[in-house]
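To start, the structure under review is shown below, and the notes come after it.
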Amino acid sequence: MQPDLGAVRLTLELATVVTVLLLFIGTPIAWWLARTRSRLKSFIGAMVALPLVLPPTVLGFYLLLLMGPNGPIGNITQSLGLGILPFTFSGLVVASTLYSMPFVVQPLQNAFEAIGERPLEVAATLRAPPLDTFFSVALPLAKPGFITAAILGFAHTVGEFGVVLMIGGNIPDRTRVVSVEIYNHVEALEYAQAHWLAGGMLAFSFLVLFALYSFNPNRK
Amino acid sequence: MKRALLSLLLLGATFSTASADEVQVAVAANFTAPMQKIAADFEKDTGHKAVLAFGATGQFYAQIRNGAPFEILLSADDKTPAKLEKEGLGVQGSSFTYAIGKLVLWSAKPGFVDSEGKVLGSGNFQHIALANPKVAPYGAAAIEALTKLGLYPALEPKVVQGENIAQTYQFIATGNADLGFVALSQIVKDGKGSSWIVPANLYPVIRQDAVILAPGKDKPAAQALMAYLKGDKAKAVIRSYGYDL
C-alpha cells in the first residue's frame, strides 16, 4: 500500500500547486476576456478553451517535443540550468496548468461578466482607482466564480491521465499520479489495489461535484 | 428504392468481410517493425489478412483475460503464452518460439553509449528509460541486467518508465531520456545514435513465443499465420531485425 499513498500525496500536491497557479494566471486572463472589446478576444478565448476539445495525447505529444532537449522550451530551461521538464514534477505542473486552464478561466470569466458595467461605473464615480475597484468590488462579487473555478481546476487536475502518461515516465513519488497508478494496477491485473484507488477517485469526484452543485443552487 | 439499394450494399459489405479471412493478432511492441513486414508478405502470399495490435505483453495478457478478441499473441516472453495455455485461454500445444530477443542500451546521441556500456557506471546522465517491468519483458530484463551489474540502486532515481518498449524508444529518440534499454530490433535498421548490445549473460534469455488464443482455435487464417511464421521467408525477416532463432 505504501507506493499508492505516495501517488495520492503526489496527486494532491500537484492539484494544489496547479490550482493556486491557475487562480493567479487565470484571473487577469478572465478579467481581460470579460471586459475587453479587442478583436483578440476570440483568439485568446479559443486558445484558452483548446484543452477542452483536444485529446490529451495532442497536448502530451507537443509538450514532449517542445519541452524536450531539442525543443524551444527545453532550450530555455536547459540554458537556465533547470534541465528538461519531462519526467519531472515541474513538467507535470506546466502540463496540468495548460490542460486545466479553461476549467478555471471560464467560470471566472462568467463571474466577471455577470457583474456587469454598473457596479464598476458606480465605483468609478466614487473615485475609486481601477485596482481598488477590482479588489474591493469585482473580486467580492465574483467570489462564487472563484470557488467554482478552484474546485473545477483542482478536480480536473486530479483526474488528468493522458498528458501525464505521455510526459511523466511513471516515476514513483515524482510523476506517478493516482490515475497512472490505477492504469498500472489494471494492466498488471492487480485489481485489489486498483479498486482502492479507483473507488477512491469515484467517491472523490462525486463529492466534489456534489459540493459544487449544492454550493451553487441559486445560479441557474 | 434507395433504401433497398443501401441495405443491399450493406449486406454485401457484411458478406465480404465475413468471407475475407482475417486474423486478429496481438503483437509485443518490440516486434512491431518485423511483424508489419511479415504481415504484408503473408497477405500477398496467402490472401489472409493479419490485423495487428501493438502493446506490452502484460497489457495484452490482462486484456485477453478479460475477453479481448485476439486470435494470436506474439508475446515478448515465453511465460505468458505458457500461462495462457494452462488457463485454457490459449490453445494447448500451439505455442512455439518465433524469435529470441536481444536487449540493447541505446542513446539517440552518437558516441554517448560506448561499446562496453561503461556510460552506465559513469552516471553521467539525467534520465535512463526502460519499459515498465511489470508488463514488459524487456523492461524486466533491463532491471535484471542493471542489478547484475550492481548499478540498479544507484541508477534507480534516474529511471523513467515507458508504458511499453515503443514508448521507451520514443522517450530516448526525442532525447528526453539520454539513454535507455530497448530491443535491438527497434534500432538495428536505421543505426542512428550509439548503442551497446547487452551481453546475454546479464539477463535471462528473452524467448518470444507465439500462441493461438481460444477465439482463433479453429480458424484457418490463424493456423496459416503460425505456419507462415515458421517459414523461411518470415525467419529471414526476423533475423534481419537482429533476433536469434
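Reminder, nothing fancy here: chain letters follow the sequence lines and each chain counts from 1. This is a predicted model, so every value here is computed, not measured. Below, each value reflects all heavy atoms present in this structure, side chains not excepted, and no hydrogens, waters or symmetry copies.
Sparse packing is recorded around NZ of B:K79, with 12 or fewer heavy atoms of other residues, nucleotides or ligands lying under 6.0 Å away. Atom OH of A:Y62 has 12 or fewer heavy atoms from other residues, nucleotides or ligands within 6.0 Å. Atom CZ of B:R207 has 12 or fewer heavy atoms from other residues, nucleotides or ligands within 6.0 Å.
Neither the backbone nor the side chain of A:F61 comes within less than 4.5 Å of any heavy atom in chain B. The part of B:V135 that comes within reach of chain A is its side chain, from C-beta onward, which places non-hydrogen atoms under 4.5 angstrom from that chain. In this structure, chain A has heavy atoms under 4.5 Å from both the backbone and the side chain of B:A177. Within the 4.5 angstrom heavy-atom criterion, atoms from both the backbone and the side chain of B:N176 approach chain A. No part of B:D178 comes within reach of chain A, as not one of its non-hydrogen atoms sits under 4.5 angstrom from that chain. For A:V180, no part lies near chain B; criterion is any non-hydrogen pair under 4.5 Å. For chain A, the nearby part of B:Q63 is the side chain; its heavy atoms alone come within less than 4.5 Å.
To the nearest 0.5 Å, the span separating CD on B:Q167 from CG on A:N170 amounts to 8.5 Å. Rounding to the nearest 0.5 Å gives a distance of 8.0 Å between CG of A:N184 and CD of B:E163.
Between chain B and the residues A:P86, A:A188, A:G74, A:G83, the most heavy-atom pairs under 4.5 angstrom are made by A:P86. Interface remark: of the candidates B:T174, B:N66, B:V160, B:T168, B:V160 forms the most heavy-atom pairs closer than 4.5 Å to chain A.
Scanning residues 19-33 of chain A against chain B with a 4.5 Å heavy-atom cutoff picks out nothing at all. Proximity to chain A among residues 104-128 of chain B is limited to B:Q126, B:H127, judged by heavy-atom separations below 4.5 angstrom. Residues of residues 41-59 of chain A placed with any heavy atom under 4.5 Å of a heavy atom in chain B are absent; none qualify.
Two residues are said to be in side-chain contact when any heavy atoms from C-beta on lie closer than 4.5 Å; B:Q59 and A:Y183 meet this criterion. B:Q170 places a side-chain heavy atom less than 4.5 Å from the side chain of A:L64.
Listed by first then second residue, pairs satisfying side-chain hydrogen bond (donor to acceptor under 3.5 Å, both in side chains) with a partner in residues 67-78 of chain B read B:E71-B:K219, B:S75-B:D77, B:D77-B:T80, not counting sequence neighbours.
The minimum heavy-atom distance between A:P69 and B:G175, with the atom names listed, is CG-O, 2.9 Å.
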